[in-house]
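In what follows, chains carry the letters A, B, and so on, assigned in the order in which the sequence lines appear, proteins first and then strands, with residues in each chain numbered from 1. Model, not experiment: these values are computed from the prediction.
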Number of protein chains: 2
Amino acid sequence: MSRRQFESESEFLRRYDPKSFDPLSLTTDLLVFSVSDGETENYRKLPEKKFSLLLVKRSSHPFFGKWCLPGGFVELRESIDEAAVRILKHETNLSDIYMEQLYTFGSPDRDPRMRIASVAYMALVDKDRLNDRLDDRASWFHLKTRESEDRMDVVMDNGEESLSVRLKKTLCHHTVNSYKFEVIENESLAFDHALVIAEGLNRIKNKIQYTDIAFNMMPSSFTLGELQQVFEVILAKKLLDPAFRRMIADTVEKTGEFRTGGGHRPSALYRHKK
Amino acid sequence: MSRRQFESESEFLRRYDPKSFDPLSLTTDLLVFSVSDGETENYRKLPEKKFSLLLVKRSSHPFFGKWCLPGGFVELRESIDEAAVRILKHETNLSDIYMEQLYTFGSPDRDPRMRIASVAYMALVDKDRLNDRLDDRASWFHLKTRESEDRMDVVMDNGEESLSVRLKKTLCHHTVNSYKFEVIENESLAFDHALVIAEGLNRIKNKIQYTDIAFNMMPSSFTLGELQQVFEVILAKKLLDPAFRRMIADTVEKTGEFRTGGGHRPSALYRHKK
DNA sequence: CTAATAGTGTCTATTAGACAGTATGTT
DNA sequence: AACATACTGTCTAATAGACACTATTAG
């Protein structure tokens, strides 16, 4: 045993040299999800809801020209959560947004520059709050997912480009909703971001069913039809009206207002009950 | 714009200097949970199950002499998962153990030496596989938790020392099972490990109810009474027999063997059905 | 009137909670 | 016989799925 254990903690810290360690960096990558209205062909049909994800075109090496999740380095004096908030603010000019840590990705070769671990966060944004002050290089992509027992295919489209990713799903420990993903096909996404997206989609699909995170993507008042559409587009399946209304019954309350003008019976407006 | 965007990716990478960044390290901390038998006062009573957690006494600065989770630095050429596996092997001599990533902790001041982020993992071990080859400084602590709406108290006892931690629970976003924890009282645990333990307990309490992770803490054959005790000690509440048996019915199968000698009706032995 | 969505009533099937009962070993 | 656990039957309450029905408006 060296004499080090006999010195005081403050002496020990004085001698400690952080620069002597292998260089490693920490980043956060953000999955910013939102829901927006599509087009209506018919004046009386409701606009279709689109599930969307914010991507950024890389303007520097590595992966120059490819799309990736907004992200950046964690600075020395901020927590990882603070870094995520700062980066979201920088990319979208938004603050006070729902955010949760998703997973930390740390394969040694996930970034060609150096050893970089990345803590992924998921943010949920009401599109109405997106005041057009997006970063130039950022763009919203509509998301379409198709899932089977052992596959997950994701198609992303921003109106100009269409990106597609295919992943293999493996059930972990014989359990519902606990999967490991592997990328089978990915042309257009940088780093391991296809994986991050898959994990995020998995998380939101599960969590929307037993928490009230969905309201973070809704404006302050909404109809139950709109809310149901949001669930349907995220879960990628139709829901039955009475069952859906029972499910969300005690998380919403009527505002007393109605939305008219749709060529059909007016719908009551609701807000999230806290 | 600099001319950098016109150089090739390989030229860019050649010029890239990892040493120019602020020094930061990455560690993993392991929550190693297990279940073991307590004592029996009465020959015909079943031994009480104890939920237990592996802690290590710190033999160097910082937090010299305090207890902490087993952990260590992530090395440059291994993934974070690989680091967790390596550290578990080093502390317990066990491999091929169930492990899942829990959460990444990264407050700038969580370690007094330097900026260190830590990725916490949860490992579940069948105590019968623990072949006494524990690290000298490591010790199993029996865990007792008491939870109320806004509090979580944890008492850990290894027969010689008793550590106690009190935390405040805050419900996140009006949702069941999604909490933020803050440490109110903690004398004996190093770093922010009281927080890590709270997050881990929360995770296992939830996940045991909708996955089959519990079997990772069971020996290859067991009685349903033992299995039920494991659920009861982790959830910290009594369960009704018929409901419990219905719940786990399709995750187990009979081995055909029976356990006799208990002063009561023999119990059928089961195994985990995959 | 018609197309379209809004919203409700109700029947049924499934699941969860509770309790009481029977079974069978050891001392 | 007594005790302790093993295991099952069944009643009831709550929840989820399915379908059919009524309501209301713009054009």
* Residue list, side chain to side chain donor-acceptor pair (under 3.5 Å) with Thr251(A), at least two apart or on another chain ->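 Listed in chain order: nothing, the list is empty.
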
* Tell me, please, which residues at least two apart from Trp140(B) pass side chain to side chain donor-acceptor pair (under 3.5 Å). =>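 Applying side chain to side chain donor-acceptor pair (under 3.5 Å) to Trp140(B) gives none.
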
* Check against salt bridge (Lys or Arg N to Asp or Glu O under 4.0 Å), Lys238(B) and Glu232(B) -> CA-CA 6 Å; Lys238(B) 273 273 160 212; Glu232(B) 287 174 345; 3.4 Å; yes

Please list, pair by pair, any protein nitrogen or oxygen found under 3.5 Å from a nitrogen or oxygen in nucleotides 2-5 of chain D.
unit_1, atom_1, unit_2, atom_2, d
dC3(D), O4', Arg44(B), NH1, 3.2
dC3(D), O2, Arg44(B), NH1, 3.2
dC3(D), O2, Arg44(B), NH2, 3.0
dA4(D), OP1, Asn42(B), ND2, 3.4
dT5(D), OP1, Leu46(B), N, 3.4

* **Reported NZ-to-CZ distance for the pair Lys274(A) and Phe215(A), which is rounded to 0.5 angstrom** =>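 Here the interatomic distance stands at 9.5 Å.
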
* Searching all strands shown, indicate the nucleotide that pairs with dA14(D) (Watson-Crick or G-U wobble; both distances under 3.5 Å). =>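 Because both required distances fall under 3.5 Å, dA14(D) counts as paired with dT14(C).
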
Round to a whole Å and report the spacing from [atom1] of [X] to [atom2] of [N].
| X | N | atom1 | atom2 | answer |
| --- | --- | --- | --- | --- |
| Asp250(B) | dT14(C) | CG | C1' | 14 Å |
| Leu224(B) | dC7(D) | CG | P | 6 Å |
| Tyr210(A) | dA16(D) | OH | P | 16 Å |

* **Main-chain N/O of Ile213(B) paired with Asn216(B) side-chain donor or acceptor, under 3.5 Å** =>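 Side chain of Asn216(B) to backbone of Ile213(B): a pair is present.
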
* Asked: Near DNA chain C, which residues from residues 239-248 of chain A have a heavy atom under 4.0 Å away?
  ->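 Listed by number, they are Pro242(A), Arg245(A), Arg246(A).
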
* Pull out every residue in residues 229-238 of chain B that has a heavy atom closer than 4.0 Å to any atom of DNA chain C, ordered by number, or say none. =>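 Nucleic-acid contacts, sorted: none.
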
Measure the shortest side-chain to side-chain distance between [X] and [Y] over non-hydrogen atoms and say whether it is less than 4.5 angstrom.
| X | Y | value |
| --- | --- | --- |
| Val155(A) | Leu163(A) | no |
| Leu124(A) | Ile204(A) | yes |
| Lys273(A) | Val252(A) | no |
| Gln101(A) | Thr104(B) | yes |
| Arg166(B) | Met152(B) | no |

Please list, one pair per line, the donor and acceptor atoms closer than 3.5 Å that link side chains of residues 264-271 of chain B to other protein atoms, with sequence neighbours excluded.
unit_1, atom_1, unit_2, atom_2, d
His264(B), NE2, Gly262(B), O, 3.3
Arg271(B), NH1, Glu253(B), OE2, 3.3

* **Most 5' of Thr260(A) and Leu269(B) on DNA chain D, judged by nearest nucleotide** =>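 Whichever sits nearer the 5' end wins; that is Leu269(B).
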
